Amino acid sequence: MGAALRRIQVGSALSAFGLGFTVPYLYVYVAQVRDLGAGTAGVVLAVFAMAALAVLPFTGRVIDRRGPLSVLVVASGTASVGAVALGLSGGVTSSVLSAAVLGAGTAVMQPALATMLVRCSDASTRTRVFAMQFFLQNLGLGVGGLVGGQLVDVGRPSSFTVLFLIEAAMFVVLGVVAATVRMPHAPTALATGTAAPRSGLRVLLSHRAMVQLCVLGFVIFFACYGQFESGLAAYGTEAAGIAPSTLGVALAANTAVIVLAQFVVLRLVERRRRSRVIAWVGLIWAFAWIVAGYAGLGHGSQTMATAAMISTYALFGLGEAMLSPTVAPLVADLAPEAMVGQYNSAFALVKQLALAVGPAVGGPMGASLHGPYIVTFVLFSLGISVLALKLGRRLTTVQDNPSLASVPSRVVAVSLPEGGPATVPATAH
């Protein structure tokens, strides 16, 4: 990677490290440490998520107009302020407002970072760039959660304040590191002598391949990420009878598989069709849900049930490692040059919607409707495979398999609405 990419990746990893310090303990902090109750803690977590839904619809256009660098610097500063405020909050109103600021800042950072990675890479390197980001972010989250767990003490609110201050410092570091990056200049209509390209929500919604990818993305995040700490956790403790502490082991197994398998998996998938790789992920996750079904409904020993639940989380990690070099780069390759930020923001919005709906649907089902819960998500996982294969029919050869690109340049073939050009030329980096 070049110097710009290295700095972006380091900043992204450090911000994930900061998030790992606080996110696993946010509920405990609000409900027990600040003694605001479970209801307030639930509101704080909901506001943290809803803030992302409020800002993401406007983020993409700002990124495309102002550039991802300036947006990332502002977002990291905003998130830093929110983290400090939350660490010092002792009342309901201040905690809710602080969570809103923190949630909005962290949400905007996602598409801004993704757009910076796109600007600093090309079709031949983008797969590895996004795989590296996913690897470093998971490593940062895991290490941050591990270190944070050694520092916190429910009896000492100041120990949690220290965690939030460390998180805020990591966001500041991200902003400082990002500010030193020299971004390649995207071509403008004036420089190229062409008419300004069309952009906006109407263009995005008329791009059928992108719409299909957003639907696929919603199902992916709903059936996996939206269940980790809600439905699947409730099912594991209620149906499989595993101890709550075992969920921590299962999540550690998930992270370990991602960290250990990411680059092995990358070598296996980077020269294969993206749609086929995503379809395989659906099959792997369907098998993972079947294993989870055995844990809670198989009437085996407690040891076997525990092993099955841990294996379920590990299988999800394998699928995640396969998705990281396929889905995010595909969003970038579908986007016209003038709309990279809007495409990344739209996909981030879809992800947040799935993460909001997933716990609301999966939590009650996982706690009480054990059989239907497993069947539902086996079917959703198989749906991922079907949707991926359908999406593959709308992709160009290079979009589906970028290793076939003969010239490593930022020439993005897109399926624009009827009457639009077949390709959108862009700057080679």
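Numbers here are sequence positions counted from 1. Fair warning: this is a prediction, and the values are worked out from it, not measured in the lab.
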Q: Of all residues at least two apart in sequence or in a different chain, which pass the salt bridge (Lys or Arg N to Asp or Glu O under 4.0 Å) check with Arg273?
A: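 Scan of Arg273 (salt bridge (Lys or Arg N to Asp or Glu O under 4.0 Å), adjacent residues dropped) gives Asp400.
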Q: Extract all donor-acceptor atom pairs below 3.5 Å that involve side chains of residues 247-260 and protein atoms in other chains or at least two apart in sequence.
A:
| unit_1 | atom_1 | unit_2 | atom_2 | d |
| --- | --- | --- | --- | --- |
| Asn254 | ND2 | Tyr313 | O | 3.0 |
| Asn254 | ND2 | Glu320 | OE2 | 2.8 |
| Thr255 | OG1 | Leu251 | O | 3.2 |

Q: Which pair of heavy atoms, one from Tyr235 and one from Ala292, lies closest together, and at what distance?
A: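 Distance-wise, the nearest heavy atoms are OH-O, 2.7 Å.
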Q: Once ring-ring contact (aromatic ring centres under 6.0 Å, His included) is applied, do any residues pair with Phe135, and if so which ones, sequence neighbours excluded?
A: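 ring-ring contact (aromatic ring centres under 6.0 Å, His included) list for Phe135, sorted by chain: Phe263.
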Q: Does Ala328 have any side chain to side chain contact (heavy atoms under 4.5 Å, CB included) partners at least two apart in sequence or in another chain, and if so, which?
A: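 Phe130.
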Q: Does Asp64 have any side chain to side chain donor-acceptor pair (under 3.5 Å) partners at least two apart in sequence or in another chain, and if so, which?
A: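 Result, side chain to side chain donor-acceptor pair (under 3.5 Å) vs Asp64: Gln342.
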Q: State, to 0.1 Å, how close Ala332 and Val118 come at their nearest heavy-atom pair, and which atoms those are.
A: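 Nearest pair, atom of Ala332 first, then Val118: CB-CG2, 3.3 Å.
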Q: Looking at Phe222, is its backbone amide N or carbonyl O close enough to the side chain of Gln227 to form a donor-acceptor pair, meaning the two atoms are under 3.5 Å apart?
A: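 Yes, the answer is positive, given that a donor and an acceptor are paired below the 3.5 Å cut-off.
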Q: Keeping Ser345 on the side-chain end and Gly60 on the backbone end, is there a donor-acceptor pair under 3.5 Å?
A: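 Flag set: sc Ser345 to bb Gly60 pair under 3.5 Å.
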Q: Which residues pass the side chain to side chain donor-acceptor pair (under 3.5 Å) test with Thr115, not counting sequence neighbours?
A: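 By the side chain to side chain donor-acceptor pair (under 3.5 Å) rule, Thr115 matches Asn344.
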Q: Which residues pass the side chain to side chain contact (heavy atoms under 4.5 Å, CB included) test with Ser12, sequence neighbours left out?
A: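 For Ser12, the residues satisfying side chain to side chain contact (heavy atoms under 4.5 Å, CB included) (neighbours in sequence not counted) are Leu113, Gln133, Gln137.
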Q: Quick one, Leu268 and Met322 - any side-chain contact, counting heavy atoms below 4.5 Å?
A: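 Of all side-chain heavy-atom pairs linking Met322 with Leu268, none is under 4.5 Å.
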Q: What pairs with Ala112 under side chain to side chain contact (heavy atoms under 4.5 Å, CB included), at least two apart in sequence or on another chain?
A: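 Counting only residues at least two positions away or on another chain, Ala112 forms a side chain to side chain contact (heavy atoms under 4.5 Å, CB included) with Ile63, Val71, Leu72.
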Q: Closest approach of Leu102 and Ala83, non-hydrogen atoms and distance?
A: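 Nearest heavy atoms, Leu102 then Ala83: CD1-N, 4.0 Å.
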Q: For a 4.5 angstrom cut-off between non-hydrogen side-chain atoms, does Arg274 reach Pro402?
A: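 Arg274 reaches Pro402 side chain to side chain.
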Q: So do the side chains of Leu232 and Phe377 get within less than 4.5 Å of each other, counting heavy atoms only?
A: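 No; the side chains remain at least 4.5 Å from each other.
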Q: What pairs with Pro325 under side chain to side chain contact (heavy atoms under 4.5 Å, CB included), at least two apart in sequence or on another chain?
A: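 Counting only residues at least two positions away or on another chain, Pro325 forms a side chain to side chain contact (heavy atoms under 4.5 Å, CB included) with Thr127, Ala131, Gln262, Leu266, Val269.
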Q: Which atoms form the tightest heavy-atom contact between Ala107 and Pro111, and what is the distance?
A: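 Nearest pair, atom of Ala107 first, then Pro111: O-CD, 3.1 Å.
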Q: Which donor-acceptor pairs under 3.5 Å do the side chains of residues 276-289 make with protein atoms, sequence neighbours left out?
A:
| unit_1 | atom_1 | unit_2 | atom_2 | d |
| --- | --- | --- | --- | --- |
| Trp285 | NE1 | Phe316 | O | 3.4 |

Q: Calculate, to the nearest 0.5 Å, the distance between atoms CD and CG belonging to Glu238 and Leu369 respectively.
A: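 That separation rounds to 12.0 Å.
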Q: Could you tell me the separation between the NZ atom of Lys390 and the CD atom of Gln212, rounded to the nearest 0.5 Å?
A: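 Rounded to the nearest 0.5 Å, the NZ-CD separation comes to 8.0 Å.
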Q: Taking only residues two or more places apart in sequence, or in another chain, which ones meet Gln352 in a side chain to side chain donor-acceptor pair (under 3.5 Å)?
A: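 Partners of Gln352 under the side chain to side chain donor-acceptor pair (under 3.5 Å) test: none.
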Q: Under the rule for side chain to side chain donor-acceptor pair (under 3.5 Å), what residues qualify as partners of Thr59, not counting sequence neighbours?
A: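 Thr59 satisfies side chain to side chain donor-acceptor pair (under 3.5 Å) with no other residue.
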Q: Roughly how far apart are Ser311 OG and Met304 CE, rounded to 0.5 Å?
A: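 Rounded to the nearest 0.5 Å, the OG-CE separation comes to 8.5 Å.
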